[in-house]
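Here the structure comes first, spelled out in structure tokens, and everything after it is commentary.
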Number of protein chains: 2
Amino acid sequence: MAEAVESGARRGEATRQAIELAAIDLFAELGYNATSMRQIAASAGIRPAAIYHWFPSKEAILTQLQDDFMDRLEEAVDAAVAGESTPAGELAAAVREHVVFHGLHPRAAFVTDSEIRALSPEPKARLIARRDEYEGMFRQMIERGVEAGEFEVSNPAVASYAILLQCTGVALWYDPAGELPLEVIARIHVELVLASLGARRNGTGERELKN
Amino acid sequence: MAEAVESGARRGEATRQAIELAAIDLFAELGYNATSMRQIAASAGIRPAAIYHWFPSKEAILTQLQDDFMDRLEEAVDAAVAGESTPAGELAAAVREHVVFHGLHPRAAFVTDSEIRALSPEPKARLIARRDEYEGMFRQMIERGVEAGEFEVSNPAVASYAILLQCTGVALWYDPAGELPLEVIARIHVELVLASLGARRNGTGERELKN
DNA sequence: CAGCTTCATGAACGACCGTTAGGCTAGTGC
DNA sequence: GCACTAGCCTAACGGTCGTTCATGAAGCTG
């Protein structure tokens, strides 16, 4: 017994995860540039030099976190959309999943969003391209909804920006210990989004408006 | 004649403005923590030590910029709302002005929003309180609109978060050289917001939906 | 011109940064 | 038991940071 992590113990891959967890919390709280490798190491229970056994640089930690977040976000939203057949149904499912995912991983979401500018040109361009592609998925759902007569909106691009901004922002204010469960918050956002697009409320699987 | 700013010239208050302008651009582009006093000084055409004649610290520059932005934003929105008589009219005017103001001052908006965490506890609490108060103004307009039967919304607090996030986000993507004029973007957001709240389109001064 | 204030300078301080070099040690493969 | 590697360490590197200090030119006041 007693495999407890002692001072100086070797933990292998567990160390890598400890580094990532420490980095996500510190980056989210202090910002990437205000966080030092020494802080990350201390929070992970190792010495600064040990980080370089797992990551080639500080920036590599950041890009790893951001790539992981985008991977899992895209996977979750793709899966949610796959079960729908109409543009309105797809968008409702995508919005719901986007909100829930951001509520479950607020720090990773925040770090991915707000630390884009901390990246050097190449990874920066890569991440921006990924987010543009993700936004394009929402815009296309809106455009298809307009063509199908399900939505009525002046400008699908502006609408997609507005939708993603308000839903992503849930990561900024949602409190797991607060009054509103995440599922309720997600449902409210689906209502707001569909209403903003002038969606008819018929057969999209939506519940009643009143609480 | 020739009062041109030479190397080593004394510019008095103009130096203060040069520092603020340089800081706003650099903070917005690189982030507060990634921007050095030496960069600000170089961009303002002075030596680092001269900054300390106008500001007691680096953080004081940031708080000055943030306070100025909030002052002018509140003033602009208050003035816009003052001319309206119904909750829906007030909210429409507030959204319009909020969007326009953020489109006109995107860097200041971005610095105010995203560098809250760079502040030390006391100024941080002050700025958060100010933003909470500003958000409360929007929430109250929504609540009054619900009471007056003009809006239909599950949760006014969540709605106000959603509205402010999508409108504030305009500062992140609006391009003055792009296709859409700021006034059009503002109008689209008024449409989206009013629609999301289930507002009736009667006598709120709104134009037609199409185009 | 004398005295004072304003505005800016060059030089330097101690602190902390990301990163690296090199060594120790526990565990594995033979 | 011996070589080898993975994992982590201590120590230190060169560099940059925010800030301070002493100094002085320029301009106002009398």
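Atoms considered below: every heavy atom in the structure, side chains included; atoms not considered: hydrogens, waters and symmetry mates.
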Rounded to whole Å, please give me the gap between [atom1] in [X] and [atom2] in [N].
{"X": "B:Y52", "N": "C:dC13", "atom1": "OH", "atom2": "P", "answer": "17 Å"}
{"X": "A:M37", "N": "D:dA11", "atom1": "CE", "atom2": "P", "answer": "20 Å"}
{"X": "A:Q17", "N": "D:dG7", "atom1": "CD", "atom2": "P", "answer": "13 Å"}
{"X": "B:I51", "N": "C:dA8", "atom1": "CD1", "atom2": "C1'", "answer": "12 Å"}
{"X": "B:E59", "N": "D:dG18", "atom1": "CD", "atom2": "C1'", "answer": "12 Å"}
{"X": "B:L62", "N": "D:dG18", "atom1": "CG", "atom2": "P", "answer": "13 Å"}
{"X": "B:I19", "N": "C:dC7", "atom1": "CD1", "atom2": "P", "answer": "11 Å"}
{"X": "B:N33", "N": "C:dC17", "atom1": "CG", "atom2": "C1'", "answer": "13 Å"}

**Item:** Aromatic ring proximity, centroids under 6.0 angstrom, B:F110 and B:F69
**Value:** no
**Asked** Does B:R38 get its side chain close enough to the base of D:dG18, under 3.5 Å, for a donor-acceptor pair?
**Response** yes
Quick one: which of [options] gets closest to the side chain of [X]?
{"X": "A:I46", "options": "C:dG18, C:dA11, D:dC9", "value": "D:dC9"}
{"X": "B:K58", "options": "D:dC8, C:dG18, D:dG18", "value": "D:dG18"}
{"X": "A:T15", "options": "D:dC8, D:dG18, C:dA21", "value": "D:dC8"}

Does a nitrogen or oxygen in the side chain of [X] sit under 4.0 Å from OP1 or OP2 of [N]?
{"X": "A:H53", "N": "D:dG7", "value": "yes"}
{"X": "B:S36", "N": "D:dT16", "value": "no"}
{"X": "A:S57", "N": "C:dG18", "value": "no"}
{"X": "A:R47", "N": "D:dC8", "value": "no"}
{"X": "B:W54", "N": "C:dA8", "value": "yes"}

**Item:** Within-4.5 Å side-chain heavy-atom neighbours: A:K124 and A:I116
**Value:** yes
**Request:** Determine, stepwise, if the pair B:Q66 / B:M70 fulfils side-chain contact (heavy atoms from CB on, under 4.5 Å).
**Result:** CA-CA 6 Å; B:Q66 292 172 325; B:M70 287 302 294; 5.7 Å; no
**Message:** Testing the basics here: between A:A157 and A:E135, what is the closest heavy-atom pair and its distance to 0.1 Å?
**Reply:**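 Taking A:A157 first and A:E135 second, the nearest heavy atoms are O-OE2, 4.4 Å.
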**Request:** Can you measure from OH (B:Y32) to CD (B:E59) and round to the nearest 0.5 angstrom?
**Result:** 5.0 Å
